[in-house]
2 protein chains.
Amino acid sequence: MPDNLLPVISIRSLHEVNCSECALHPVCLPPAVDETDLDQLESIIERRRTLPRGTPLFRQGDAFQSLYAVRSGAIKTCLTPPDGAEHITGFYLPGEIVGLDSLGRTHHGSSAMALESSTVCAIPFAQLETLALKLPGLQHHLFKLLSAEIHSDQQLLLLLGKRSAEARITAFLLAVATRHKRRQLSENHFHLPMSRTDIGNHLGLAIETVSRVLTRLQQTGVLEVDGKDIRILDRERLCQLAEPAAENTDGAGINVRKLS
Amino acid sequence: MPDNLLPVISIRSLHEVNCSECALHPVCLPPAVDETDLDQLESIIERRRTLPRGTPLFRQGDAFQSLYAVRSGAIKTCLTPPDGAEHITGFYLPGEIVGLDSLGRTHHGSSAMALESSTVCAIPFAQLETLALKLPGLQHHLFKLLSAEIHSDQQLLLLLGKRSAEARITAFLLAVATRHKRRQLSENHFHLPMSRTDIGNHLGLAIETVSRVLTRLQQTGVLEVDGKDIRILDRERLCQLAEPAAENTDGAGINVRKLS
DNA sequence: CGCCAAGTTGAACACCATCAATATTTGTGG
DNA sequence: CCACAAATATTGATGGTGTTCAACTTGGCG
């Protein structure tokens, strides 16, 4: 059998791509481990799973088994308090890891659902944890992923606690743009996988407000908005809107001793 | 030298208490490791440090060296975006670990400051990380601590995104009460270590709103408020206020297929 | 005793939520 | 491919919750 029999490779690439062949290689888990140890990581990662739009990946209260790396599509995670009003805690794009908030727990503390037709790789946590004991780089990377998750939550806290509707939405768009750039895609023209309702829920705004702000940004020539298609026309202005100048240095500080 | 020379022991207990003797033993790190390995953990923990009120423990941008276990007092952590308006991301009470959000990073992503005269134990992270490779229980516990941190941030997100001023404050008070109970202290009568300004900043409310809500809760007989001293008089009512019934099951769900 | 920081209380306004109507897109079946 | 229904998004009018501005009170500390 000639070793240039390409079809075999492309079928593999559709169904069982291993990490070293995956296009998301540079933004996913692999950079965390040595080339030489990559096969150990690959050996525990389960063949990817396909999720039609709207399919739950896991639900709050489910036993925690795996982390999931998003390969294509997009996932949202929701927190459902007893009273039923859900809150979307995050959106996950290709190359990002879903489920970190449940790591180390027995059960999932949130639910995850595909926003559009998506594929994910499952990473069984029990095996990952064991492997992390052997591979210091992997353990370290897991810590980094977790602290990154905390940071993104804290950025959102800041947004919800202190910013106007306009600032929340512009900051959100810029964050999505940055994550697109990370995958070598355009940072000025992208498709939002989530609905206006989802954006509003995530940012603590009414859907009407989201709609109005987007319209206004379009009218002022900052954006071009076509449904879920967004094009950034005036990035500088967008950044200004996302981080309103702070005349008020009220400060959460007890002592506002400027650091010398 | 007689081994019942108590003064020596009590001096130790003031300045260098080791974990096994520490009153916070059950709520801090030690439960994570086997009795037999506790000395390994203790050997890397630095002698406790005293912080007068208002002293920074670390500042955003400082090199990340250590985690800190709060022994006494209280610590707040702040995020300072470029524009200067700080946001308090969390409060840390005795037995809790500060600095987890920077774990795995080279620099601190937030600042920490003592709210009142406090003492902390420093846990050098480089050594902790190495130790975690040898002690599976410790690694697992670190993961748990990180996911708990994420959870508390997400609870706050929910609060800031969806709840009224009254619900934010009542939920906040209940959370503080729960953390007191964890330390075997009264869950119905406690002292808030932070100012109204800090509470407002943390919950995304104006200080005046905090004041008004507390006054109202006092007038309706739910609380007794005396400055920073809080006494819960009607816990049931307080819980009701913290989780307003949800008529609107609007749902962040694409498919609201009830789980069968 | 007097100063300054922190907290309380009141009045007016602003931002955003809500309600309501319309428009647009998506999905489905003829 | 078109027509229809359902879901989603847009736009307008109105009102409420919480912010802002301001005056005043209280408490800690020299």
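Hydrogens, waters and symmetry mates play no part in the numbers below; they use all other heavy atoms, side chains included. The chains referred to below are lettered A, B, ... by the order of the sequence lines, with proteins before strands, and numbering in each begins at 1.
- Within 4.0 Å (heavy atoms only), B/S195 reaches sugar-phosphate atoms of the nucleic acid but no base atom.
- Rounded to whole Å, the distance from CZ on B/R163 to P on D/dG18 is 13 Å.
- Counting to the nearest Å, the P atom of C/dT9 and the CG atom of B/L217 are 13 Å from each other.
- The listed nucleotides are D/dA9, D/dA22, D/dG12; the one nearest the side chain of A/I207 is D/dA9.
- A donor N or O paired with an acceptor N or O is found under 3.5 Å between the base of D/dG12 and the side-chain atoms of A/R212.
- The distance between atom CG of B/L223 and atom C1' of C/dT8, rounded to the nearest whole Å, is 16 Å.
- Taking 3.5 Å as the limit, the base of D/dT11 and the side chain of A/R196 contain no donor-acceptor pair of atoms between them.
- Defined by atom type and a distance below 3.5 Å, a donor-acceptor pair is missing between the side-chain atoms of A/Q219 and A/R216.
- Test B/I199, B/T215, B/T197, B/D198 against B/V210 for side chain to side chain contact (heavy atoms under 4.5 Å, CB included) and you get one pass: B/I199.
- Rounding to whole angstrom units, CD of residue A/E208 and P of D/dA13 are separated by 15 Å.
- The side chain of A/T209 contributes an N or O atom lying less than 4.0 Å from OP1 or OP2 of C/dA17.
- In this structure, of D/dG18, C/dC16, C/dT18, it is C/dC16 that holds the atom nearest to the side chain of A/A165.
- When rounded to the nearest whole Å, the span between CD1 of B/I169 and P of D/dT17 equals 15 Å.
- One finds a side-chain N or O of A/T215 lying less than 4.0 angstrom from the OP1 or OP2 phosphate oxygen of D/dT11.
- One atom, NZ of A/K228, and another, C1' of D/dT10, lie 15 Å apart when rounded to the nearest Å.
- Here B/L205 lies in heavy-atom contact (under 4.0 Å) with sugar-phosphate atoms only.
- Side-chain contact annotation: A/H189 with A/D229, donor-acceptor N/O pair under 3.5 Å present.
- Note on ring orientation: taking the six-membered ring where Trp is involved, the planes of A/H108 and A/F58 are parallel (angle under 30°, cut-offs 30° and 60°).
- Among the protein residues, B/G200 comes within range of no part of the nucleic acid, since none of its heavy atoms lies under 4.0 Å from any strand.
- Distance A/M194 CE to D/dT8 P: 15 Å, rounded to the nearest Å.
- Of the candidates D/dT19, C/dT8, D/dA13, C/dT8 carries the atom nearest the B/S211 side chain, counting heavy atoms from C-beta on.
- When heavy atoms are screened at a 4.0 angstrom cut-off, A/A206 is found touching base atoms of the nucleic acid.
- A straight line from CG of A/D226 to P of D/dT10 spans 10 Å, rounded to a whole angstrom.
- Within 6.0 Å of the NZ atom in B/K181, the count of heavy atoms belonging to other residues, nucleotides or ligands does not exceed 12.
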